[in-house]
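Down below is the structure, laid out as structure tokens.
All chains are named by letter (A, B, ...) in the order of the sequence lines, taking the proteins before the strands, and each is independently numbered beginning at 1.
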Protein chains: 2
Amino acid sequence: MFKINDNYLKLPGSYLFSTIAKKVTAYKESNPNNKVISLGIGDVTQPLAPAIIEAMHKAVDEMADASTFRGYAPDLGYEFLRRAIADNDYKSRGVELALDEIFISDGAKSDSGNIVDIFAQNNKIAVTDPVYPVYVDSNAMAGKTGDYLKDRECWSNVVYMPCTAENNFVPELPSDTPDIIYICCPNNPTGTALKKSDLQKWVDYANEKKAVIIYDAAYEAYISEEDVPHSIYECEGAKTCAIEMRSFSKNAGFTGTRLGFTVIPKELTCDGTSLNGLWARRHGTKFNGAPYIIQRAGEAVYSKEGREQTGKQIAYYMNNAKEIRNALEGMGYTVFGGVNAPYIWLKTPDGMKSWDFFDVLLEKANVVGTPGSGFGPSGEGYFRLTAFGSAESTKEALERIKKL
Amino acid sequence: MFKINDNYLKLPGSYLFSTIAKKVTAYKESNPNNKVISLGIGDVTQPLAPAIIEAMHKAVDEMADASTFRGYAPDLGYEFLRRAIADNDYKSRGVELALDEIFISDGAKSDSGNIVDIFAQNNKIAVTDPVYPVYVDSNAMAGKTGDYLKDRECWSNVVYMPCTAENNFVPELPSDTPDIIYICCPNNPTGTALKKSDLQKWVDYANEKKAVIIYDAAYEAYISEEDVPHSIYECEGAKTCAIEMRSFSKNAGFTGTRLGFTVIPKELTCDGTSLNGLWARRHGTKFNGAPYIIQRAGEAVYSKEGREQTGKQIAYYMNNAKEIRNALEGMGYTVFGGVNAPYIWLKTPDGMKSWDFFDVLLEKANVVGTPGSGFGPSGEGYFRLTAFGSAESTKEALERIKKL
């Protein structure tokens with residue numbers, strides 16, 4: 001008789017954004033005349049840049065002709081894309097990577113969920129709190145997080161590192177030593193970022209404790225301040241302790257186009273075994289690459305035109321972020337983030353519970369945000385708004401919130 | 001200190017097709033003037049059909065305009081595609097599926113590797129032998145297969161069900177009861193297929209033993225005989241014991257375009273828990289969907305033009321299969337498959353080892369095939385050729401083999 005993985009049954013509720021989607025759908029069905037504006041899930045709204053569109057049309061045409069048709073992609077992804085990444089994202093910042101240290105995938109969500117596969121059962125993970133839910137949920141599914149403590153809304157075998165206004169959203173080195181440390185910088189959901197000197201402390205700590213850092217840099221393109229690193233490999237010693245993940249979703253609008261990559265330096269080893277080799281084996285066995293057409297789209301992001309065009313989109317979203325910050329501050333809200341990331345993290349008014357504020361915002365202002373507590377216990381009393389709406393709908397949402 | 005998943009270290013060598021690719025690359029580098037023909041990896045060579053190309057251009061244009069731009073896809077995939085699948089692949093054959101029993105993915109390889117996640121550690125798997133390597137390797141990576149017995153080239157905790165000329169490639173019900181049974185029909189690598197009455201026996205067996213069948217129907221479009229089922233759900237009782245996986249790679253040439261789907265009926269439960277819900281949770285947490293453009297391409301496969309055009313491609317490949325069969329039989333080879341599948345499974349001459357025959361074919365005829373032993377111990381002494389080449393190169397490959 002077959003047995004299911006009952007770690008799944010320990011998971012509280014459904015995936016955060018699925019829950020929100022269901023709530024919003026139900027509200028819309030009951031209130032078909034109310035126009036709901038979403039500043040909730042971090043989904044982009046600007047169309048793909050012309051250089052990307054052009055590259056995709058060209059690639060589609062190549063697929064129509066036997067002489068240029070492409071079947072299975074190379075295991076690690078096409079070299080043209082890995083080279084563009086190595087040159088533009090890394091070499092330009094003083095980081096040298098071999099092309100086989102870069103693995104192309106269908107997105108950072110898949111990679112950050114699947115990376116769990118290459119680690120043993122008995123690793124203790126540490127996460128910032130609040131945190132992007134995939135890190136914890138994927139470990140919970142693999143039975144690595146202990147029991148779910150319903151009253152405290154956390155897992156018994158996870159090191160939570162609170163990031164709140166009190167510590168200026170900089171996690172403190174934990175007293176309970178973890179084996180795997182998840183850091184998302186610039187941070188989702190708080191929209192804050194670590195300075196290079198703060199991140200260097202974590203790299204030194206990981207090397208000292210022989211821990212590995214899973215570094216999610218999906219929002220790297222939004223960094224505006226000089227002393228915030230774009231890659232963890234800008235820190236000394238990071239190649240022996242860090243895996244870095246990136247996405248094309250937010251820097252080029254690929255949420256529905258799907259492309260990302262993971263960097264695993266060959267120096268990152270455990271008892272002589274390179275994690276690069278383990279991930280290569282997983283990639284080769286359980287994945288068949290991102291579509292050729294999409295990899296060409298990714299390459300176009302790095303072209304001169306692509307960089308200019310996507311740069312304008314990022315500036316557009318960051319202008320939304322500024323508008324949200326300014327407007328909310330003007331209304332008396334306490335607001336964080338929005339300077340190096342497209343997320344605004346606000347304190348709910350009068351210590352209201354996060355989900356209560358979600359309901360108020362949905363029902364009274366028809367605006368969707370994300371409740372802070374959905375990202376972890378220390379997110380309670382906070383709320384996330386994204387800058388990914390159109391300028392018009394963002395403005396309208398702010399006017400509605402003002403009237404609350 | 002972090003620990004790696006050392007189940008990976010038990011895996012023998014690298015993924016089969018990665019090994020072959022490396023061997024072929026090395027040969028080509030040493031012999032740059034020899035034109036190598038690949039009838040090895042099951043990769044298609046015909047370009048995408050015009051209806052698919054047209055649909056992708058249209059979808060690319062939609063991504064260029066804010067009013068038609070698409071971000072994150074629905075968790076299960078777009079309804080337009082799931083509806084096309086339900087109507088065309090299932091309803092037309094008397095199988096009723098709810099749309100939320102169909103999960104769109106980036107391919108059957110990913111799904112067949114990732115499905116391991118939702119099952120407990122202590123399940124015993126059964127596989128036909130020879131077998132598509134992903135089923136066993138993905139279970140081995142999860143530590144579910146026991147130890148690798150090097151001398152016998154098999155795993156200690158896997159039920160192998162030999163499929164050879166002796167039993168006409170129909171696996172016998174095993175004496176050692178498994179919990180999870182992998183069946184690929186039409187079969188990769190043998191190119192043979194089970195009759196409906198044979199498959200019904202497996203469905204009855206699984207229901208009796210409360211085992212689950214992972215049914216890989218990636219080659220369904222190649223079925224030419226009346227009594228071979230296109231879906232396992234054509235068998236009575238299959239909805240309570242079977243998961244079905246399909247791919248667009250072989251029926252529509254999507255090996256480099258990436259699209260597939262998995263069906264999990266809600267009736268398939270374990271102690272009251274629906275596997276559909278578990279897979280939905282995995283899908284929602286560790287995956288972000290196939291690209292919108294590619295899902296539109298998949299929809300086009302089911303259009304009137306798409307069906308006609310892809311039907312012609314399948315006929316083209318199956319004509320290759322016929323040519324390979326006839327030519328090899330004319331040379332005195334013993335040959336199987338190629339009637340309901342694009343694979344020809346031949347006995348190596350004079351009982352030669354599979355890898356030795358691989359080397360002879362590569363070095364003397366400059367033809368790449370796949371050694372039968374790479375698919376499992378009972379594949380030793382066999383060899384796989386695919387019908388996915390062009391008609392011209394297939395013909396040339398056969399002439400070269402004739403001269404051996």
Side-chain angles (χ1 to χ4, degrees), chain A residues 1-6 8-9 11 14-15 18 41 43-48 53 56-57 60 63-66 69-73 75 106-107 109-110 113-114 117-120 122-123 134 137-138 141 179-180 210-212 255-258 270 273 278 281 284-288 291-292 294, chain B residues 1-6 8-9 11 14-15 18 41 43-48 53 56-57 60 63-66 69-73 75 106-107 109-110 113-114 117-120 122-123 134 137-138 141 179-180 210-212 255-258 270 273 278 281 284-288 291-292 294:
Chain A
M1 183 183 162
F2 78 92
K3 281 80 62 183
I4 57 166
N5 174 357
D6 50 20
Y8 275 61
L9 306 182
L11 289 165
S14 69
Y15 178 61
S18 308
I41 187 167
D43 200 356
V44 296
T45 53
Q46 293 291 296
L48 295 181
I53 295 293
M56 286 204 285
H57 278 308
V60 168
M63 297 298 275
D65 186 319
F69 174 80
R70 308 283 185 129
Y72 290 119
D75 270 5
D106 62 321
K109 184 181 178 189
S110 304
N114 290 331
D117 278 19
I118 65 168
F119 294 104
N122 58 339
N123 284 295
V134 172
D137 286 2
S138 58
M141 287 169 164
D179 305 302
I180 299 173
K210 295 195 187 305
V212 64
T255 53
T257 305
R258 311 306 314 138
C270 175
T273 300
L278 298 183
R281 185 67 200 245
T285 302
K286 294 171 79 169
F287 184 58
N288 242 332
Y292 171 69
I294 310 300
Chain B
M1 184 184 161
F2 78 92
K3 282 80 63 183
I4 57 165
N5 174 357
D6 52 19
Y8 275 61
L9 306 182
L11 288 165
S14 69
Y15 179 63
S18 307
I41 187 166
D43 199 358
V44 297
T45 53
Q46 293 290 295
L48 294 181
I53 294 294
M56 286 204 285
H57 277 308
V60 168
M63 297 299 274
D65 185 318
F69 174 80
R70 308 283 186 129
Y72 289 120
D75 269 5
D106 62 320
K109 184 181 178 189
S110 304
N114 290 331
D117 278 18
I118 65 168
F119 294 104
N122 58 340
N123 284 294
V134 172
D137 287 1
S138 57
M141 287 168 163
D179 305 301
I180 299 173
K210 296 197 186 301
V212 64
T255 52
T257 304
R258 311 305 315 140
C270 176
T273 300
L278 298 183
R281 185 69 200 244
T285 302
K286 293 171 77 169
F287 183 58
N288 243 332
Y292 172 70
I294 309 299

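Inter-residue side-chain proximity for Leu278(A) and Phe119(A) is flagged as unmet; no heavy-atom pair is nearer than 4.5 Å. For the pair Met56(A)/Leu48(A), a side-chain contact is recorded, criterion being any heavy-atom separation below 4.5 Å from C-beta on. Contact of the Leu11(A) side chain with the Asp137(A) side chain is registered, since non-hydrogen atoms from C-beta on lie closer than 4.5 Å.
Under a 3.5 Å cut-off, the side chain of Arg258(B) and the backbone N or O of Pro291(A) do not form any donor-acceptor pair. Asp179(B) places no side-chain N or O within 3.5 Å of a backbone atom of Ala211(B) that could act as its donor or acceptor partner. The main-chain N or O of Lys3(B) is found under 3.5 Å from a side-chain atom of Asn123(A) such that the two form a donor-acceptor pair.
Residue contact with chain B, scored on non-hydrogen atoms closer than 4.5 Å, involves the side chain of Phe69(A) exclusively. Both the backbone and the side chain of Ala64(B) have a heavy atom closer than 4.5 Å to some heavy atom of chain A. In this structure, chain A has heavy atoms under 4.5 Å from both the backbone and the side chain of Asn288(B). The contact between Thr257(B) and chain A is made by backbone and side chain atoms together, counting heavy-atom distances below 4.5 Å. Proximity to chain B (any heavy atom under 4.5 Å) is restricted, for Thr273(A), to the side chain, taken from C-beta onward. For chain B, no part of Asp6(A) is nearby; none of its heavy atoms comes within less than 4.5 Å. If you measure heavy-atom distances from Asp43(A) to chain B, the contacts under 4.5 Å come from both the backbone and the side chain. Contact annotation for Ile294(B): only side-chain heavy atoms (C-beta onward) come within less than 4.5 Å of a heavy atom of chain A.
Comparing Met141(A), Lys109(A), Lys210(A), Gln46(A) by how many heavy-atom pairs each has under 4.5 Å with chain B, the most go to Lys109(A). Your options are Asp65(A), Asp117(A), Val44(A), and the one with the most heavy-atom pairs under 4.5 Å with chain B is Asp117(A). Top candidate by heavy-atom pairs under 4.5 Å with chain A, chosen from Thr45(B), Asp106(B), Ile180(B), is Thr45(B).
For Tyr8(A), the ring pair (Phe, Tyr, Trp, His ring centres under 6.0 Å) test picks out no residue, with sequence neighbours left out. Under the ring pair (Phe, Tyr, Trp, His ring centres under 6.0 Å) criterion, Tyr72(A) pairs with no residue, sequence neighbours left out.
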